[in-house]
Amino acid sequence: MLDIAPQSPFCFTTLPPLTLYVHLPWCARKCPYCDFNSHAVREAIPETRYIDALLADLDYELPRVRGRRVEAIFIGGGTPSLFSAQSIDRLLTGISARFTMRPDAEITLEANPGSVEEHKFGDFRAAGVTRLSIGAQSFNDELLKKLGRIHGGREAVRAAEIAHHAGFDNFNIDLMFGLPGQDTAACLDDLRIAIELAPTHISFYQLTIEPNTFFHHQPPALPDDETIWHMHTQGMSFMADRGYTQYDVSAYARTGRRCRHNLNYWEFGDYLGIGAGSHGKLSSLSNSIHRRHKHRQPRQYMECALQHQPVAGENKLSAADAIFEFMLNALRLSEGFDASLFAERTGLAPNLLASRVAGLVARGLLRQRDGRIGPTYLGRRFLNDLTEAFLADDERTD
């Protein structure tokens, strides 16, 4: 009897847009709420060796994406601004030598106020960085101290001023709400200061206590749920009145300034991940979707990447995986998504989504009109419950 493999449920006619994520894992000090793969600097950062490893990682990945254009690059961490501008220049030069880049590719670099210097911002700009993401988190010195941040409010303001002076006409300010001891007035004061600094984008997200963090083991007293929800809704209105449109759960932008890399995540695009602990997702015209991740510890990552073995693990998505992951991301979008995007980005038949969507529309958690699907006000408030509805039946908890 012939051993015939089952036909793939995926069918791609075109591939999704491709972006690149680069992880630089070092920071000056590990924040007590941070669950990212970041490592406090205890000795000089091995910048040259790490950039060598990143470029070797790219060479390893290149055959899977040959001929595809990179739409945007996001350099995250850690605190990438701890690296020298010369290292960032070498990295970006190496990337552009290996890929076809969109002519106006958005290239974002994360920077913390505690690590900024005026000449460095200008040099990052000269190296090819087109967008900064400044991790202010708050402008309130007392709240910053409770968060374990190493900068003060004045330094955060200065960082934005330096960004303008260095020629960045596109930058983001990160702000948290629901902080220990914070009330709605303090939350709105942070937003007022941020908006006065004229960023093109604001990331406004709730402090959550994550496993494997200091705050998880010694949790601070946080505002109650109703107060946090009030901060969220008041903050949304405050920004909307001042020209910042919400386009996902925690992202607000001026017209034309949505973060391309992050938007590609939420629309289930493809992305390469290079660097310690980075993750990537790639679709294939051979009708499959694969995820892979890189070695997490910087020293091990460098050793393995330089030996052309950067991958720590890989898995092939099932149809059920793709349905859940698509909805987990797309339901973050405030305006919802065009129904045709599901088939385009997953390669799956639209009818695989239809019955579950209809049930959630009937429950008032989803809206479906004019060919678009998105969460209702109630669905946004209970977004975790809404996304869980798209888990495979044997994985759901209800």
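The structure displayed is predicted, hence computed values, not measured ones. Just so it is clear, the values below take in all heavy atoms, side chains as well, and ignore hydrogens, waters and symmetry mates.
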Test item: [X] side-chain N/O and [Y] main-chain N/O as donor-acceptor pair under 3.5 Å:
X      : Y      : value
Asp190 : Phe139 : yes
Gln297 : Arg299 : no
Thr93  : Arg90  : no
Glu71  : Leu18  : no
Arg367 : Pro375 : yes
Arg345 : Glu267 : yes
Ser237 : Gln234 : no
Arg98  : Asp59  : no
Ser8   : Asn287 : yes

Exercise. Evaluate the criterion salt bridge (charged side-chain N to carboxylate O under 4.0 Å, His left out) for residue pair Arg381 and Glu226; output intermediate values, then yes/no.
Key: CA-CA 11 Å; Arg381 182 146 195 195; Glu226 285 303 314; 3.0 Å; yes
Quiz item: Which is it for Arg380 and Glu335 under the salt bridge (charged side-chain N to carboxylate O under 4.0 Å, His left out) test, yes or no, and what are the steps along the way?
Solution: CA-CA 11 Å; Arg380 287 197 301 272; Glu335 300 165 358; over 6 Å; no
Answer yes or no: is there a side-chain heavy-atom contact under 4.5 Å between [X] and [Y]?
X      : Y      : result
Lys281 : Arg292 : no
Val361 : Val357 : yes
Pro80  : His23  : no
Ile289 : Ser284 : no

Quick check on the 6.0 Å ring-centre criterion: do [X] and [Y] meet it?
X      : Y      : result
Tyr301 : His295 : no
Phe171 : His164 : yes
Tyr247 : His201 : yes

Short side-chain donor-acceptor distance under 3.5 Å, [Y] and [X]:
X      : Y      : result
Thr208 : Glu210 : yes
Ser133 : Asn172 : yes
Ser81  : Thr79  : no
Asp338 : Ser340 : yes
Asn262 : Asn264 : no
Asn329 : Trp266 : no
Thr200 : Arg257 : no
Ser87  : Glu47  : yes

[X], [atom1] atom: more than 12 neighbouring heavy atoms under 6.0 Å:
X      : atom1 : value
Asn212 : CG    : no
Glu161 : CD    : yes
Asp225 : CG    : no
Arg192 : CZ    : yes

Self-check item: Residue pair Ile73, Thr108: steps toward the side-chain contact (heavy atoms from CB on, under 4.5 Å) verdict
Solution: CA-CA 6 Å; Ile73 300 170; Thr108 301; over 6 Å; no
Self-check item: Cation-aromatic face contact Arg242/Phe238, 6.0 Å, 45 degrees
Solution: yes
Quiz prompt | NZ or CZ of Lys120 within 45° of Phe83 ring axis and under 6.0 Å | solution = no
Quiz item: With a cutoff of under 4.5 Å between side-chain heavy atoms, which Ile, Leu, Val, Met, Phe, Trp and Tyr residues group with Trp229?
Solution: Tyr377
Exercise. Report the hydrophobic cluster partners of Phe214, with the cluster defined as I, L, V, M, F, W, Y residues connected by side-chain heavy atoms closer than 4.5 angstrom, directly or transitively.
Key: Tyr33, Leu143, Leu147, Met176, Leu179, Tyr205, Leu207, Ile209, Phe215, Leu222
Quiz item: Yes or no on side-chain contact (heavy atoms from CB on, under 4.5 Å) for Arg125 and Phe168, after CA distance, side-chain angles and deciding distance?
Solution: CA-CA 7 Å; Arg125 179 76 177 156; Phe168 284 99; 3.7 Å; yes
Are [Y] and [X] co-members of a hydrophobic cluster defined by side-chain heavy atoms under 4.5 Å apart?
X      : Y      : result
Leu306 : Ile51  : no
Phe12  : Leu352 : yes
Tyr60  : Tyr50  : no
Leu144 : Leu197 : no
Phe36  : Tyr265 : no

Quiz item: Phe326 vs Phe342 aromatic rings, parallel, tilted or perpendicular, using cut-offs 30° and 60°?
Solution: perpendicular
Exercise. Take Arg68 and Asp270 through the test salt bridge (charged side-chain N to carboxylate O under 4.0 Å, His left out) and record every step on the way to the result.
Key: CA-CA 11 Å; Arg68 295 179 67 177; Asp270 281 353; 3.0 Å; yes
Quiz item: Can you list the steps and then say if Asp385 with Arg363 is a salt bridge (charged side-chain N to carboxylate O under 4.0 Å, His left out)?
Solution: CA-CA 12 Å; Asp385 295 329; Arg363 290 168 56 188; over 6 Å; no
Practice problem: List the steps and the verdict of side-chain contact (heavy atoms from CB on, under 4.5 Å) for Leu92 and Val129. | Solution: CA-CA 8 Å; Leu92 294 178; Val129 175; 4.1 Å; yes
Self-check item: Thr213/Lys30 under side-chain contact (heavy atoms from CB on, under 4.5 Å): CA gap, chis, key distance, verdict
Solution: CA-CA 10 Å; Thr213 64; Lys30 184 82 170 179; over 6 Å; no
Exercise. Would you mind checking if Arg102 and Asp104 are paired as a salt bridge, meaning a charged N to carboxylate O distance below 4.0 Å?
Key: yes
Self-check item: Heavy-atom pair with the smallest gap, counting every atom of Gly148 and Pro32
Solution: CA-CD, 4.0 Å
